Amino acid sequence: MKDIIITGGAGFIGSNLVRAAIEHFTDRRIVNFDKLTYAGNLENLAGLEKHPRYCFIKGDVAEPEDVARAFAGDVEGVMHLAAESHVDRSIHDASPFIKSNVLGTQVLLDAARLKKIHKFVHVSTDEVYGSLGTNGKFTETTPLAANSPYSASKAGSDLLVRAAFHTHKFPGCITRCSNNYGPYQFPEKLVPLLISNALENKPIPVYGDGKNVRDWLFVEDHCAALMRVYESGAPGEVYNIGGDNELENLTLVRTVLRMLGRPESLITFVKDRPGHDRRYAIDASKIRRELNWEPAHKFEDAIRKTIDWYQANPPWWRRVKSGEYREYYEKQYGRAM
Ligand code: NAD
Ligand code: TYD
């Protein structure tokens, strides 16, 4: 049986993708390769441990010996999600972002090229394009203009995948998706932080004036797009992925509070993120047209489903919000929060 390696499979999008890929690729083994950083959590995959077509390998994408263990089988392809992923952490310390996101991607590319794999889907972000004004959307040809250490490290990794294609005819595709929300997202990101704080009647920190705009996509729609690119994406191509669902942060916060029946007085404006990108918006017409993908979920239904999941799983987010996360939270927002 052939292997598909999913890096970062214990994280938010990765764990949703591992589940979807096991269902979708019924004649392949899914190898989850993950370092289990603070953001990686095997509880996200509870129930899959004994699945005959699932395998977990603990390792670091930036360590060639670890990566060699992941490539020991008959590897058909890779979907690469492993990364340090939080902008605010990259502002405190960029070095893990450079090691995991930039070096890690090159180590993985080298191993994948040696193995002559069939497809490599590099999962990137719309943040590599920088910030938009009030008009326009990011297309695949928008110049890269990353503004945070996180997005700069992702842009660097995108260029390494591009270089592997041009230099070695390596079968790499790059995807650039907008902000995701859904079950199993680490509560340092806006949506799960908002839901879990609201459930505990704790303040909701909103950066700056709350008018920054993000284009929100349900995680299962992102996973479906990634599998479509894995199967049918053309090597060397970039595919933007987005839900045509732009919302100001304050609108999103108010919507969730209303759905939870919690008061707007929980909203607390805090100091803005340095270099905070004002607006992201994705033009996803290429993947819609060429790969026949479109989001299957409406925002109103999927945010409800997401809220229901966090309401039903407080032990999951309470455990995640203890320990090391607590220290980060206090450093980021101060003890008063
Ligand atoms: P996440 O932080 O929830 O998960 C990242 C996973 O990668 C964790 O399981 C972690 O243990 C693992 N990891 C980190 N460094 C590693 C290393 N050196 N070696 C092996 N594993 C390592 O992130 P996420 O939100 O699920 O994002 C996954 C990918 O999707 C990232 O590449 C991110 O840039 C991209 N992306 C995310 C979003 C979003 O809204 N969350 C949007 C677009 C793109
Ligand atoms: P985030 O979930 O960190 O994603 P990204 O920065 O990658 O877009 O943040 C989404 C938006 O929400 C962004 O404009 C920053 C803002 N934000 C807050 O206002 N308060 C918070 O506590 C967090 C984590 C984010």
Side-chain angles (χ1 to χ4, degrees), residues 6-18 32-42 44-45 57-63 66-67 70 79-91 96-97 99-101 103-105 107-108 122-128 131 148 150-151 153-154 157-158 175-182 184-194 197 203-217 219 222-223 226 240-242 247-250 252-253 267-273 276-280 282 320 329 332-333 337:
I6 296 182
T7 72
F12 161 48
I13 302 171
S15 59
N16 280 282
L17 180 62
V18 165
N32 172 12
F33 179 72
D34 197 297
K35 184 180 173 182
L36 300 183
T37 68
Y38 78 93
N41 183 354
L42 288 178
N44 299 358
L45 295 157
I57 298 177
K58 184 174 185 304
D60 185 335
V61 283
E63 297 293 342
D66 290 359
V67 170
M79 294 197 247
H80 175 35
L81 291 88
E84 290 292 335
S85 70
H86 190 38
V87 174
D88 294 320
R89 285 183 191 253
S90 79
I91 294 169
F97 290 73
K99 183 166 183 221
S100 292
N101 302 5
L103 178 63
T105 298
V107 169
L108 209 57
H122 175 62
V123 180
S124 190
T125 163
D126 59 355
E127 303 192 26
V128 297
S131 185
S148 73
Y150 161 65
S151 55
S153 70
K154 292 297 289 187
S157 64
D158 287 17
T175 62
R176 296 191 179 129
C177 190
S178 58
N179 287 62
N180 284 213
Y181 63 95
Y184 302 106
Q185 186 167 27
F186 195 88
E188 64 186 351
K189 305 279 168 65
L190 180 62
V191 169
L193 181 71
L194 157 63
N197 276 19
I204 315 294
V206 172
Y207 296 165
D209 62 4
K211 292 192 185 303
N212 301 68
V213 174
R214 297 292 184 264
D215 183 354
W216 294 94
L217 182 72
V219 64
H222 185 191
C223 293
L226 295 178
N240 281 354
I241 304 168
L247 291 173
E248 279 187 358
N249 290 341
L250 260 184
L252 175 67
V253 169
I267 296 174
T268 308
F269 289 95
V270 297
K271 193 157 68 64
D272 207 357
R273 170 188 285 171
H276 194 176
D277 285 336
R278 194 64 172 169
R279 175 172 167 259
Y280 302 145
I282 275 280
V320 173
Y329 193 77
Q332 178 68 18
Y333 299 106
M337 302 285 288

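Predicted, not measured: the structure shown is a model, and the values here were computed from it. Whatever order the structure lists them in is the order used to number ligands and atoms, beginning at 1.
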Item to check | Set of residues satisfying side chain to side chain donor-acceptor pair (under 3.5 Å) with respect to Asn32, sequence neighbours excluded | outcome: Tyr54
Checklist outcome for this item: Expected contact list for ligand 1 at under 4.0 angstrom, heavy-atom basis, is Gly8, Ala10, Gly11, Phe12, Ile13, Asp34, Lys35, Leu36, Thr37, Ala39, Gly40, Gly59, Asp60, Val61, Leu81, Ala82, Ala83, Ser85, Ser100, Val123, Ser124, Thr125, Tyr150, Lys154, Cys177, Ser178, Asn179, Asn180, Lys189
Checklist outcome for this item: Separation between CZ (Phe97) and NZ (Lys154), nearest 0.5 Å, reads 10.5 Å
Item to check | side chain to side chain donor-acceptor pair (under 3.5 Å) assessment of Glu84 paired with Tyr150 | outcome: CA-CA 8 Å; Glu84 290 292 335; Tyr150 161 65; over 6 Å; no
Checklist entry - Under 3.5 Å, is there a donor-acceptor pair between the side chain of Ser15 and the main chain of Leu45? => result no
Please tabulate, one line per pair, the protein nitrogen or oxygen atoms found under 3.5 angstrom from a nitrogen or oxygen of ligand 2, with distances to 0.1 Å, or say none if there are no such pairs.
{"from": "ligand 2", "atom 1": "2 (O)", "to": "Leu190", "atom 2": "N", "distance (Å)": "2.9"}
{"from": "ligand 2", "atom 1": "3 (O)", "to": "Arg273", "atom 2": "NH2", "distance (Å)": "3.1"}
{"from": "ligand 2", "atom 1": "4 (O)", "to": "Asn179", "atom 2": "ND2", "distance (Å)": "3.3"}
{"from": "ligand 2", "atom 1": "6 (O)", "to": "Arg273", "atom 2": "NH1", "distance (Å)": "2.5"}
{"from": "ligand 2", "atom 1": "6 (O)", "to": "Arg273", "atom 2": "NH2", "distance (Å)": "3.3"}
{"from": "ligand 2", "atom 1": "7 (O)", "to": "Glu127", "atom 2": "OE2", "distance (Å)": "2.5"}
{"from": "ligand 2", "atom 1": "8 (O)", "to": "Asn179", "atom 2": "ND2", "distance (Å)": "2.9"}
{"from": "ligand 2", "atom 1": "8 (O)", "to": "Arg214", "atom 2": "NE", "distance (Å)": "2.8"}
{"from": "ligand 2", "atom 1": "12 (O)", "to": "Asn249", "atom 2": "ND2", "distance (Å)": "3.4"}
{"from": "ligand 2", "atom 1": "14 (O)", "to": "Arg214", "atom 2": "NH2", "distance (Å)": "3.3"}
{"from": "ligand 2", "atom 1": "14 (O)", "to": "Asn249", "atom 2": "ND2", "distance (Å)": "2.9"}
{"from": "ligand 2", "atom 1": "14 (O)", "to": "His276", "atom 2": "NE2", "distance (Å)": "2.7"}
{"from": "ligand 2", "atom 1": "19 (O)", "to": "Tyr207", "atom 2": "N", "distance (Å)": "2.8"}
{"from": "ligand 2", "atom 1": "20 (N)", "to": "Pro205", "atom 2": "O", "distance (Å)": "2.8"}
{"from": "ligand 2", "atom 1": "22 (O)", "to": "Pro205", "atom 2": "O", "distance (Å)": "3.4"}
{"from": "ligand 2", "atom 1": "22 (O)", "to": "Tyr333", "atom 2": "OH", "distance (Å)": "2.5"}

Item to check | For Thr105, all residues meeting side chain to side chain contact (heavy atoms under 4.5 Å, CB included), sequence neighbours excluded | outcome: His80, Leu109, His122, Ser157, Val161
Checklist outcome for this item: Rounding to 0.5 Å, atoms CG (Asn180) and OG (Ser178) come to a distance of 6.5 Å
Next on the checklist: Could you check whether any side-chain heavy atom of Leu194 comes within less than 4.5 Å of a side-chain heavy atom of Tyr181, counting everything from C-beta outward?
Outcome noted: no
Checklist entry - Quick one: does NZ or CZ of Arg89 land under 6.0 Å from the six-membered ring centre of Tyr38, within 45 degrees of the ring axis? => result yes
Item to check | salt bridge (charged side-chain N to carboxylate O under 4.0 Å, His left out) evaluation trace for Arg214 with Glu127 | outcome: CA-CA 10 Å; Arg214 297 292 184 264; Glu127 303 192 26; 5.5 Å; no
